[in-house]
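Step one of this worksheet: look at the structure below.
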Amino acid sequence: MTADLPIIRLRPKSKPQAIRHGFPWVFADELVTDRRTRAIAPGSFAELQDAEHRPLGLCTVNPNSKIIARVMDADPGARIDGDWIAARLSRALALRERLFDKPFYRLVHAESDGLPGTIIDRFGDAAVIQPNAAWAERMSTEIAAALREVTGVRTVILNGQGRARGLEGLDERLEILSGEMSGPVEVSMNGAIYLADLMQGQKTGLFYDQRPNHAFAQRLAKDARVLDVFSHVGGFGLAALAGGAVQATCIDGSAPALQLAQGGAKAMGAADRLVTRQGDAFAQMEALAAEGAQFDVVICDPPAFAPSKQALEAGLRAYERVAKLAAPLVAPGGYLGLCSCSHAADLTSFRNASARGIGRGGRRSQLIHTGQAGPDHPTLPQLAETGYLKALFFRLDG
């Protein structure tokens, strides 16, 4: 143990076995939160011990968060510095380089890659860091330096925005830590070309997690009319066009996102096959139904309607409503894809809500495929939150 590290300790009734077996979080009600613990600066490191004073590892502490401690290293004597970060990045990079031919992927998926609360998406010579834990905020300069050293990227952007940072008590910030960025980045996936706005876009600018689900949807899209609801920059719509769809219609509330979708279609030589509708997705689906519109493939990829357990019931109702509105838009014998990125809604709950919605929409269905995030978003088996994405593909009655 490093001599100057404070010690934090589990309460007697807490179960240290979970930590020993790989669970990486300690919640505030599991820890002895005396005056010394509360005085630890957010993002500092400490030795974690069980109630019998036996070491469990080195952790980072944030007294402002419900997740008061996150395990950094099973070795309580570890030193968290640039070399330690570089070693974790190198391990993450080795997996991605085995999986992908080009450097466009999620490089670090937080706890799953041993960098708690930290997301890094790579876009060729640029990378976007989301430091959603206090330690990563404090060490963002060291993370950026290690990132440049390990990967060779020149531009590093810090995107400190989103709900997760608020839960950690962190302010929002957006800045370029190194290099420069002028305009969207072209990203090729599944034969489609996407434009990712790394500075003004949603999250890091592109959702790499849906890559395998885009690929599955492509298999349904040849010669089809496709509707992509909550499309962002054209995720499923552009993939469908690359797969031979005769037309793709993208619906999103963000005009800038739809402009990027149009730019991607143009770069693919498919601008004449893309239609965009800007507005509230629920209202747009109702309007399409009133117009009598139907599509061979309809895919809905909404934001997280159930970002927490408290929001679960309302979130499941929202997913059910999506399915109810989408089902009548599917032509007889066509296909409906429904997605959820809510970790609080498990697969069974989401599947049941989707099936209820399809039934309420007056349709019968077969579930033909269940998808998840790609392998650049590895799941930590002990932490369900890392396996958040679910994609269900149904064939509807004909």
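FYI, the numbering just counts along the sequence from 1.
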_Per the side-chain hydrogen bond (donor to acceptor under 3.5 Å, both in side chains) rule, what does the pair list look like for residues 133-144, sequence neighbours excluded?_
S44-R138, E137-R165, E137-R173
*asked:* Does E286, at its CD atom, have more than 12 non-hydrogen atoms belonging to other residues, nucleotides or ligands within less than 6.0 Å?
replied: yes
*Between N62 and A134, what is the shortest heavy-atom contact and its length?*
ND2-CB, 3.7 Å
*asked:* Any non-hydrogen side-chain atom of F207 less than 4.5 Å from a side-chain atom of C341?
replied: no
_Rounded at 0.5 Å granularity, tell me how far CD1 in I299 sits from OH in Y335._
12.0 Å
*Rounded to the nearest 0.5 Å, how far apart are OG1 of T118 and CG of L89?*
9.5 Å
_I'd like to check S365 versus L396 (side-chain heavy atoms, cut-off strictly below 4.5 Å). Are they in contact?_
yes
*Would you check if S340 and F305 make a side-chain contact, meaning some heavy-atom pair closer than 4.5 Å?*
no
Side-chain donor/acceptor pairs under 3.5 Å, residues 258-275, sequence neighbours excluded:
from : atom 1 : to   : atom 2 : distance (Å)
Q262 : NE2    : T276 : OG1    : 3.0
R273 : NH1    : L241 : O      : 3.4
R273 : NH1    : A245 : O      : 2.5

*How about R219: does its CZ atom have over 12 heavy atoms from other parts shown lying under 6.0 Å from it?*
no
*Between R38 (side chain) and P63 (backbone), is there a donor-acceptor pair under 3.5 Å?*
no
*With side chains defined as the heavy atoms from C-beta onward, is the minimum distance between F123 and T155 less than 4.5 Å?*
no
*Nearest heavy-atom pair of A196 and L206: which atoms, and what distance?*
CB-CB, 4.1 Å
_Is there a continuous path of hydrophobic side-chain contacts, each under 4.5 Å between heavy atoms, that joins F394 to L347?_
yes
_No-hydrogen, no-angle side-chain donor-acceptor test under 3.5 Å, T37 and D34_ = yes
_E291 CD: over 12 foreign heavy atoms closer than 6.0 Å_ = yes
Anything under 3.5 Å between a donor and an acceptor, one on a side chain of residues 16-32, the other on a protein residue two or more places apart or in another chain? List them.
from : atom 1 : to   : atom 2 : distance (Å)
R20  : NH2    : D50  : OD2    : 2.7
H21  : ND1    : Q17  : O      : 3.3
W25  : NE1    : E111 : OE2    : 2.8
E30  : OE1    : F27  : N      : 2.8

*For the side chain of S342 and the backbone of A345, is there at least one donor-acceptor N/O pair under 3.5 Å apart?*
no
*Is a donor on one side and an acceptor on the other found under 3.5 Å between the side chain of N213 and the backbone of Q372?*
yes
*Not counting sequence neighbours, which residues clear ring pair (Phe, Tyr, Trp, His ring centres under 6.0 Å) with F100? List them please.*
Y105
*Please name all residues satisfying salt bridge (Lys or Arg N to Asp or Glu O under 4.0 Å) with R225, sequence neighbours left out, ordered by chain then number.*
D296
*Set of salt bridge (Lys or Arg N to Asp or Glu O under 4.0 Å) partners for E385, sequence neighbours left out*: none
*asked:* Do T204 and I120 have side chains that approach each other closer than 4.5 Å (heavy atoms only, starting at C-beta)?
replied: no
_Looking at every heavy atom in both I193 and L238, which two are closest together, and how far apart are they?_
O-CD1, 3.4 Å
*Who pairs with D73 by salt bridge (Lys or Arg N to Asp or Glu O under 4.0 Å), at least two apart in sequence or on another chain?*
R88
_Gap separating the CZ atom of R277 from the CG atom of D228, nearest 0.5 angstrom_ = 13.5 Å
*side-chain hydrogen bond (donor to acceptor under 3.5 Å, both in side chains): pairs with one or both residues in residues 229-247, sequence neighbours excluded*: none
_Straight-line distance of R356 CZ to R317 CZ, nearest 0.5 Å_ = 10.5 Å
_Among residues at least two apart in sequence or on other chains, which ones pass ring pair (Phe, Tyr, Trp, His ring centres under 6.0 Å) with F350?_
Y319
*Do I7 and H53 have side-chain heavy atoms sitting under 4.5 Å apart?*
no
*Quick one: do E320 and K324 make a salt bridge, cutoff under 4.0 Å?*
no
*salt bridge (Lys or Arg N to Asp or Glu O under 4.0 Å) against D81, all qualifying residues, sequence neighbours excluded*: R79
*What are the two closest heavy atoms between D113 and R96, and how far apart are they?*
OD2-NH2, 2.7 Å
*Step through the shown structure and confirm whether more than 12 heavy atoms of other residues, nucleotides or ligands are within 6.0 Å of CZ on R154.*
no
_Quick one, L325 and V229 - any side-chain contact, counting heavy atoms below 4.5 Å?_
no
*With sequence neighbours left out, what residues match A293 under side chain to side chain contact (heavy atoms under 4.5 Å, CB included)?*
L288, F295
_Shortest non-hydrogen separation from L58 to A46 and the atoms involved_ = CD1-O, 3.4 Å
*Look up atom CG in L158 and atom CG in L174, then write down how far apart they are to the nearest 0.5 Å.*
8.0 Å
*With sequence neighbours excluded, what pairs up with D301 under the side chain to side chain contact (heavy atoms under 4.5 Å, CB included) test?*
Q210, F236, C339
*Non-hydrogen side-chain atoms of W84 and M72 separated by less than 4.5 Å*: yes
_Please determine whether residues I85 and L147 belong to a single hydrophobic cluster, defined as Ile, Leu, Val, Met, Phe, Trp and Tyr linked transitively by side-chain heavy-atom distances below 4.5 Å._
yes
*Note: D376-R122 ion pair, threshold 4.0 Å (strictly below)*: no
*Would you name the heavy atoms of C300 and V322 that are closest together and state the gap between them?*
CB-CG1, 3.6 Å
_Run I368 and F216 through side chain to side chain contact (heavy atoms under 4.5 Å, CB included) and show every step you take._
CA-CA 11 Å; I368 62 170; F216 182 81; 4.2 Å; yes
